[in-house]
Every structure is written in structure tokens, then in C-alpha cells.
Amino acid sequence: STPAGDSHRLTLAELESDLEFARGDLEAAKDIALEGIEQCDASRVGQRHRARLLACVGRVFLNTGRFVEAQECFQTMVAD
């Protein structure tokens with residue numbers, strides 16, 4: 001199970017990624033989400049965070065015209 005502190009850090013990574021995306025710093029948004037993904041464990045909570053962080057990465061790829069990478073992110077998100 002994901003400890004509460006880890007869950008909060010992963011939620012913060014999601015929010016920071018969303019904020020950087022909104023600011024237009026897509027590279028930072030992607031990097032923050034990828035760093036968060038590395039911290040996700042195999043628990044149910046960890047996998048929910050992983051799916052949301054993958055969505056953040058996929059959204060960056062989608063908005064930068066990297067459609068194959070976006071599709072891979074979204075498919076991974078749904079498959080997990």
C-alpha cells in the first residue's frame with residue numbers, strides 16, 4: 001500500500017504538472033509527471049496516480065504533435 005505521504009507527493013506531482021502545462025511549459029509538465037511515475041508503486045493507489053500522471057504525459061505529447069507517443073501513453077493508462 002502507498003503510504004499517505006507518498007500519495008500526497010504523487011498528488012502534488014500531478015498538480016505541478018497540470019500547473020506547468022497551463023503555464024505553457026510543456027517540457028516541465030512532462031518531466032514532473034515522469035518523475036512522479038517513477039515513484040508509483042504497484043498498489044491500487046499507486047496505480048491510480050500512475051494512470052493520472054500518464055495522462056499528463058500523454059496530454060503533453062498530444063499538444064506537441066507527438067501523436068504516436070500520446071497514443072502509447074493513453075493506451076498504457078487504460079491497460080493498467
Side-chain angles (χ1 to χ4, degrees):
S1 148
T2 302
D6 290 342
S7 181
H8 294 312
R9 279 189 285 282
L10 293 171
T11 298
L12 184 57
E14 294 169 33
L15 293 171
E16 288 177 341
S17 179
D18 287 342
L19 179 61
E20 292 304 328
F21 185 87
R23 287 180 174 161
D25 191 346
L26 302 183
E27 194 64 28
K30 179 176 66 85
D31 290 345
I32 291 166
L34 289 173
E35 288 173 13
I37 288 169
E38 291 176 7
Q39 303 305 312
C40 294
D41 63 21
S43 71
R44 187 174 178 180
V45 171
Q47 292 306 299
R48 270 186 289 187
H49 283 292
R50 183 174 184 272
R52 289 193 297 261
L53 289 162
L54 278 167
C56 293
V57 175
R59 186 175 57 185
V60 169
F61 286 148
L62 187 63
N63 280 274
T64 56
R66 296 167 64 183
F67 302 118
V68 172
E69 292 95 334
Q71 182 179 17
E72 289 170 357
C73 280
F74 295 132
Q75 286 176 335
T76 300
M77 182 186 75
V78 174
D80 285 351

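The first residue of the sequence shown is numbered 1, and numbering continues consecutively from there. Values below: all heavy atoms of this structure, side chains included; hydrogens, waters and symmetry mates excluded.
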Gap separating the CD atom of Gln47 from the CE atom of Met77, nearest 0.5 angstrom: 13.0 Å
Minimum side-chain heavy-atom gap Gln71-Phe61 below 4.5 Å: no
Qualifying residues under side-chain hydrogen bond (donor to acceptor under 3.5 Å, both in side chains), relative to Arg48, sequence neighbours excluded: none
Hphob cluster co-occupancy, Val78 + Leu54, side-chain heavy atoms under 4.5 angstrom: yes
Which residues share a salt bridge (Lys or Arg N to Asp or Glu O under 4.0 Å) with Glu38, sequence neighbours left out: none
All side-chain hydrogen bond (donor to acceptor under 3.5 Å, both in side chains) counterparts of Glu16, not counting sequence neighbours: none
Distance-minimising heavy-atom pair for Ala33 and Cys56: CB-CB, 3.9 Å
Remaining members of hydrophobic cluster (4.5 Å side-chain criterion), Phe21: Leu26, Val60
Stepwise side chain to side chain contact (heavy atoms under 4.5 Å, CB included) check, Gln39 with Leu10: CA-CA 8 Å; Gln39 303 305 312; Leu10 293 171; 3.8 Å; yes
Point-to-point distance, once rounded to the nearest 0.5 Å, from CG of Asp6 to CZ of Arg9: 4.5 Å
Nearest heavy atoms of His49 and Ser7, plus distance in Å: NE2-OG, 3.1 Å
Reported CD-to-CZ distance for the pair Glu72 and Arg66, which is rounded to 0.5 angstrom: 10.0 Å
Pairwise distance SG(Cys73) to CG(Leu34) - rounded to 0.5 angstrom: 7.5 Å
Taking every non-hydrogen atom, the tightest pair across Ser17 and Ile32: N-CG2, 3.9 Å
Student check: side-chain heavy atoms of Glu27 and Asp25 closer than 4.5 Å: yes
Qualifying residues under side-chain hydrogen bond (donor to acceptor under 3.5 Å, both in side chains), relative to Arg59, sequence neighbours excluded: Asp18
Reported CG-to-CZ distance for the pair Leu19 and Arg23, which is rounded to 0.5 angstrom: 4.0 Å
Fellow cluster residues of Leu15, listed by chain then number, with links counted only when side-chain atoms sit under 4.5 Å apart: none
